[in-house]
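Let me begin by presenting the structure, written as structure tokens, before commenting on it.
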Amino acid sequence: MHWRNYFIPTTKETPKDATAASHILMLRAGLVRQQAAGVYTYLPLGYRALRKVEAIVREEMDRAGAIELHMPALTPWGLWVETGRSQTMGDTLLRIAGPEGDWRSSLVLGPTHEEVITEIARAYLKSYKQLPVNLYQIQHKFRGEARPKSGVLRTREFLMKDAYSFHEDKASLDKEYDNMYAAYCRIFTRCGLPYLAVEAESGAMGGDSSHEFMVLTDAGEDRVAISDKGNYAANLERAAAAPPAPAPDVPLATTKLVHTPNAGRIDEVCPVLGTQPRDMIKTLIFATQPPLAGSTSAAEGGRAMRVVALVRGDHELNEHKLHRAAGVVLELADPATIEEVTGAAVGFAGPQGLIDKVDKLVIDRDVAVMRNAATGANKTDYHVMGVNPGRDFPLSGDKVVVADIRCVTDGDPAPAGDGGRLLLRTAIEIGHVFKLGTKYSSAMEAWYLDAHGKTQPLIMGCYGIGLNRIMAAAVEAHHDDAGIIWPMSIAPFQVLVIALDPRDEQAMRVAGDVHDQLAAAGVEVLLDDRDERAGFKFKDADLIGIPLRVVVGKKSLAAGGVEVSDRRTPEVKQLLSPDAAVQHVTQRVREGEAPAERGGRSSR
RNA sequence: CGGAGUGUAGCUCAGCCUGGCUAGAGCGCUUGGUUCGGGACCAAGAGGUCGCAGGUUCAAAUCCUGUCACUCCGACCA
């Protein structure tokens with residue numbers, strides 16, 4: 001490919017709206033152009049890289065035995081009603097606007113395809129003899145993201161590989177889950193990504209049944225906890241620290257009421273009490289959500305259930321863990337409810353005596369081992385010191401649960417209890433494997449007949465990969481001040497030949513020959529034949545980040561050949577004859593296409 | 001959805017507070033010339049309904065109202 005005849009709109013200046021490195025570089029290198037918030041064109045160079053990613057994903061999915069199909073981006077509204085996600089997904093579903101009763105309003109731009117695939121399974125998968133089967137597609141997804149951000153990292157339209165497997169039992173699902181997990185490791189390794197598989201929140205399914213694949217980068221929007229021993233990784237929703245040491249054997253103080261006017265927040269009250277956040281108990285009042293419109297199970301006869309959660313003053317409550325411990329979906333109660341429960345203004349709640357006023361008391365295990373703590377007095381403008389679990393509020397009983405309900409913090413001991421410390425890092429999620437179970441098959445009545453002729457719901461797994469995110473994550477992970485440094489496997493071109501001076505006939509001829517020979521050898525080569533000054537071309541070359549570079553100019557020809565260099569190590573230049581350069585470069589490309597195992601660390 | 005901010009040439013921005021000739025700069029683009037191994041220089045050009053609508057005024061990029069879009073922080077994220 002000759003640059004002159006191609007389309008690579010690079011820019012020197014950084015668009016003001018870009019903050020993430022990948023966003024800045026992808027715009028500057030002419031890979032993408034934003035058309036609207038969270039909506040991007042993939043320009044030729046960017047599209048080539050995206051298609052490379054797609055090819056790797058397709059190859060490895062096929063190799064893993066998954067079967068490709070193609071579902072529509074337009075999905076029937078009725079299917080979403082069947083699973084209830086027409087309600088629960090809310091504004092994430094992008095519906096086609098149309099007058100009431102118009103065919104348009106019966107269509108949704110698919111944000112994911114569980115419903116559609118389950119409809120297909122319901123229609124065709126009737127016998128255990130057809131199982132297991134894993135169907136996948138590479139398709140555009142549409143989501144009503146409230147806030148697109150960071151370039152192509154979070155968009156309203158994106159390319160996703162989504163696979164769905166169907167099984168007759170848990171063992172078969174487990175096997176396919178492991179198969180997909182391994183395929184994902186191969187995919188991300190081939191894409192040159194320094195990825196990490198972390199345990200993820202698995203919602204209703206529980207257990208060990210969900211992993212997210214992450215790339216650590218500041219541009220990400222997820223938080224993960226990693227043990228510095230390298231043997232544990234989980235996302236923040238799920239991460240657990242080692243259990244606390246038993247309570248210290250110290251004398252129990254008597255409780256003391258302290259006047260703390262206008263000091264309702266932990267950071268305000270600590271100076272007044274002369275204590276530390278870690279010696280305080282945070283008392284949070286929750287209530288069950290009002291039942292969704294259309295739901296038939298109006299819980300508790302319409303009365304909201306009230307739950308008190310206790311965490312240490314220096315800890316953050318983890319709502320996912322609280323949900324699991326309490327067994328119900330909860331929301332922070334409104335101020336009126338809090339005042340009614342505690343009898344005090346917001347900010348002065350304490351656990352003493354609350355047990356009779358609420359339906360459940362959930363105590364973080366770190367709170368259970370506190371001694372002589374400080375907390376709210378359930379009296380406006382007052383706190384209490386010398387509060388002790390077990391004495392001043394119960395640690396056992398029908399309504400009491402002691403559990404891990406907090407977020408881990410940086411430096412917490414790792415759960416293995418091996419002396420490891422947890423480190424908190426930001427990351428981009430690039431893939432997710434998930435055991436769905438029978439959630440969708442039951443809701444949509446996708447049954448099959450087992451070997452005993454008995455009707456059973458299909459057991460499902462689902463496996464997603466964000467292709468655009470792989471591309472952006474690769475740029476995040478591999479760049480320097482001058483530009484992108486593509487891994488060979490997903491580089492838009494593998495080799496860039498630069499003819500330094502277009503008026504130098506010999507240089508042009510040699511560069512053209514090198515280009516033609518490489519192309520003939522099956523190498524993806526771009527020839528910079530533009531009538532530009534040398535420095536200009538070098539800057540563009542650094543920016544677009546083609547892994548290998550061959551420079552042909554007067555100097556190199558006078559020295560007997562052409563210069564070969566690697567984008568990663570620009571200072572190392574090798575002078576070779578044109579033929580030797582072609583051979584050398586071809587060899588390097590072949591090596592680079594199949595990188596040795598590296599990168600991926602796993603928590604399993 | 002809450003909070004903050006920004007819309008002026010393809011890109012980055014000045015001008016707005018304190019209304020006043022024909023709306024500016026740099027980059028990019030076109031033409032001519034010089035230059036030619038790390039984003040050159042000179043000269044001449046093309047390119048803008050100042051987001052949109054309404055209002056105030058003799059006069060609006062500038063003031064007021066509304067609206068749309070985009071960005072950032074937060075909430076949300078099968």
Side-chain angles (χ1 to χ4, degrees), chain A residues 9-20 23-24 27-28 30 33-39 75 79-80 83-93 108 110-118 141-151 153-156 158 160 162 164 200-205 210 212 221-222 235 237 319-320 331-332 429 432 434-437 439-440 443 460-464 466 481-483 498-504 507 528 530-543 549 551-559 562-563 565 570-571 573:
Chain A
T10 60
T11 59
K12 193 158 57 177
E13 290 180 271
T14 304
K16 65 169 176 193
D17 290 341
T19 47
H23 190 196
I24 292 170
L27 289 169
R28 286 195 53 213
R33 177 173 176 80
Q34 181 175 336
Q35 305 292 170
V39 179
T75 68
L79 293 181
W80 299 91
T83 59
R85 288 210 288 183
S86 51
Q87 292 271 340
T88 55
M89 291 197 76
D91 292 339
T92 301
L93 285 180
V108 175
T112 174
H113 283 74
E114 279 86 2
E115 278 79 358
V116 178
I117 199 75
T118 305
K141 306 291 188 191
F142 300 85
R143 292 190 188 178
E145 288 288 356
R147 186 146 101 79
K149 60 182 288 196
S150 305
L153 282 181
R154 176 148 146 171
T155 53
R156 291 190 172 136
F158 54 96
M160 183 167 164
D162 48 326
Y164 307 89
E201 189 52 47
S202 47
M205 281 301 290
S210 178
E212 289 170 349
E221 51 186 17
D222 287 295
N235 76 12
E237 292 170 1
E319 293 201 28
H320 295 89
E331 279 183 345
L332 213 48
E429 178 188 349
H432 197 166
F434 199 95
K435 295 181 189 173
L436 290 174
K439 178 174 174 185
Y440 294 94
M460 296 173 59
C462 78
Y463 320 92
D481 291 345
I498 304 179
L500 274 189
D501 187 349
R503 294 159 311 138
D504 180 337
D528 190 349
R530 295 175 299 171
D531 185 10
E532 294 288 353
R533 294 161 62 86
F536 188 91
K537 294 193 194 181
F538 285 134
K539 292 289 187 190
D540 263 355
D542 292 343
L543 180 60
R549 183 184 302 181
V551 176
V552 186
K554 260 198 208 71
K555 266 194 204 169
S556 70
L557 290 172
V562 302
E563 280 167 18
S565 63
E571 65 287 351
K573 295 178 185 132

Separation of A:T11 OG1 from A:R28 CZ (nearest 0.5 Å):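 The OG1 atom of A:T11 is 6.0 Å from CZ of A:R28, to the nearest 0.5 Å.
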Exam field: side chain [X] to backbone [Y], donor-acceptor pair closer than 3.5 Å:
| X | Y | value |
| --- | --- | --- |
| A:K435 | A:S210 | no |
| A:R154 | A:G38 | no |
| A:D540 | A:D542 | no |

How would you label the contact of [X] with the nucleic acid (heavy atoms, under 4.0 Å): base, sugar-phosphate, or nothing?
| X | result |
| --- | --- |
| A:Q35 | nothing |
| A:E532 | nothing |
| A:R549 | base |
| A:R28 | base |
| A:P148 | sugar-phosphate |

Can you tell me how far [atom2] of [N] sits from [atom1] of [X], to the nearest Å?
| X | N | atom1 | atom2 | result |
| --- | --- | --- | --- | --- |
| A:L27 | B:G28 | CG | P | 19 Å |
| A:F142 | B:A78 | CZ | P | 19 Å |
| A:K141 | B:A78 | NZ | P | 15 Å |
| A:E429 | B:C76 | CD | C1' | 15 Å |
| A:D501 | B:G38 | CG | C1' | 15 Å |
| A:E319 | B:G74 | CD | C1' | 14 Å |
| A:E145 | B:C70 | CD | P | 14 Å |
| A:K573 | B:G38 | NZ | P | 9 Å |

Along RNA chain B (nearest heavy atom to each residue), the more 5'-positioned of A:A482 and A:T112: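 Result: A:A482.
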A:L557 vs A:K149, nearer the 5' end of RNA chain B by closest nucleotide: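 With A:L557 and A:K149 compared, the 5'-side residue is A:L557.
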Residue-phosphate contact under 4.0 Å: A:R85 side-chain N/O, B:A78 OP1/OP2: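 Answer is no, no contact under 4.0 Å.
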Please report the distance separating the [atom1] of [N] from the corresponding atom of [M], rounded so that it comes out in whole Å.
| N | M | atom1 | value |
| --- | --- | --- | --- |
| B:A25 | B:A75 | C1' | 42 Å |
| B:G38 | B:U22 | P | 48 Å |
| B:G28 | B:C42 | P | 12 Å |
| B:G37 | B:C29 | C1' | 26 Å |
| B:C64 | B:G20 | P | 15 Å |
| B:G51 | B:G32 | P | 36 Å |
| B:G55 | B:A43 | P | 47 Å |
| B:U71 | B:C13 | P | 14 Å |

A:F538 and A:R549, any side-chain heavy atoms less than 4.5 Å apart: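 Touching, per the 4.5 Å side-chain cut-off.
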Polar contact flag, side-chain donor to acceptor under 3.5 angstrom, A:K141-A:H113: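 Looking only at side-chain atoms, A:H113 and A:K141 do form a donor-acceptor pair, the distance falling under 3.5 Å.
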Modelled atom types, side-chain donor and acceptor of A:S556 and A:E563, under 3.5 Å: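 There is no such pair between these side chains.
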Salt bridge flag under 4.0 Å for residues A:R503 and A:D531: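 Salt bridge flag = no for A:D531 with A:R503.
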Test: A:D501 and A:K555 ion pair at under 4.0 Å: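 Judged by the 4.0 Å cut-off on N to carboxylate O distance, A:D501 and A:K555 do not form a salt bridge.
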For [N], the Watson-Crick or wobble partner whose two distances fall under 3.5 Å:
| N | value |
| --- | --- |
| B:G45 | B:C29 |
| B:G19 | none |
| B:A9 | none |
| B:U62 | none |
| B:U34 | B:A40 |
| B:U56 | none |
| B:U71 | B:A4 |

Protein-to-nucleotide contact annotation, 5' to 3' order, nucleotides 1-14 of chain B [B base; S sugar-phosphate only; - none; under 4.0 Å, heavy atom]: -----S----BSS-
Among B:G37, B:A78, B:C70, the nucleotide that comes nearest once only the side chain of A:A36 is considered: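 My answer, after comparing the listed nucleotides, is B:C70.
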Nearest-neighbour nucleotide for the A:A37 side chain, B:C27, B:G37, B:C70 considered: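 Of all the options, the side chain of A:A37 is nearest to B:C70.
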Under-3.5 Å donor-acceptor pair between A:R154 side chain and B:C77 base: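 Per atom types, the contact qualifies.
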N/O donor-acceptor pair, side chain A:D540 with base B:G39, under 3.5 angstrom: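 Counting by modelled atom types and ignoring angles, a donor-acceptor contact under 3.5 Å is found here.
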Under 5.5 Å and under 30°: A:F538 stacked on B:G38: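 Here A:F538 meets both the 5.5 Å and the 30° conditions.
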Shortest non-hydrogen contact from A:A507 toward A:G553: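 Between these two residues, the closest heavy atoms are CB-CA, 4.4 Å.
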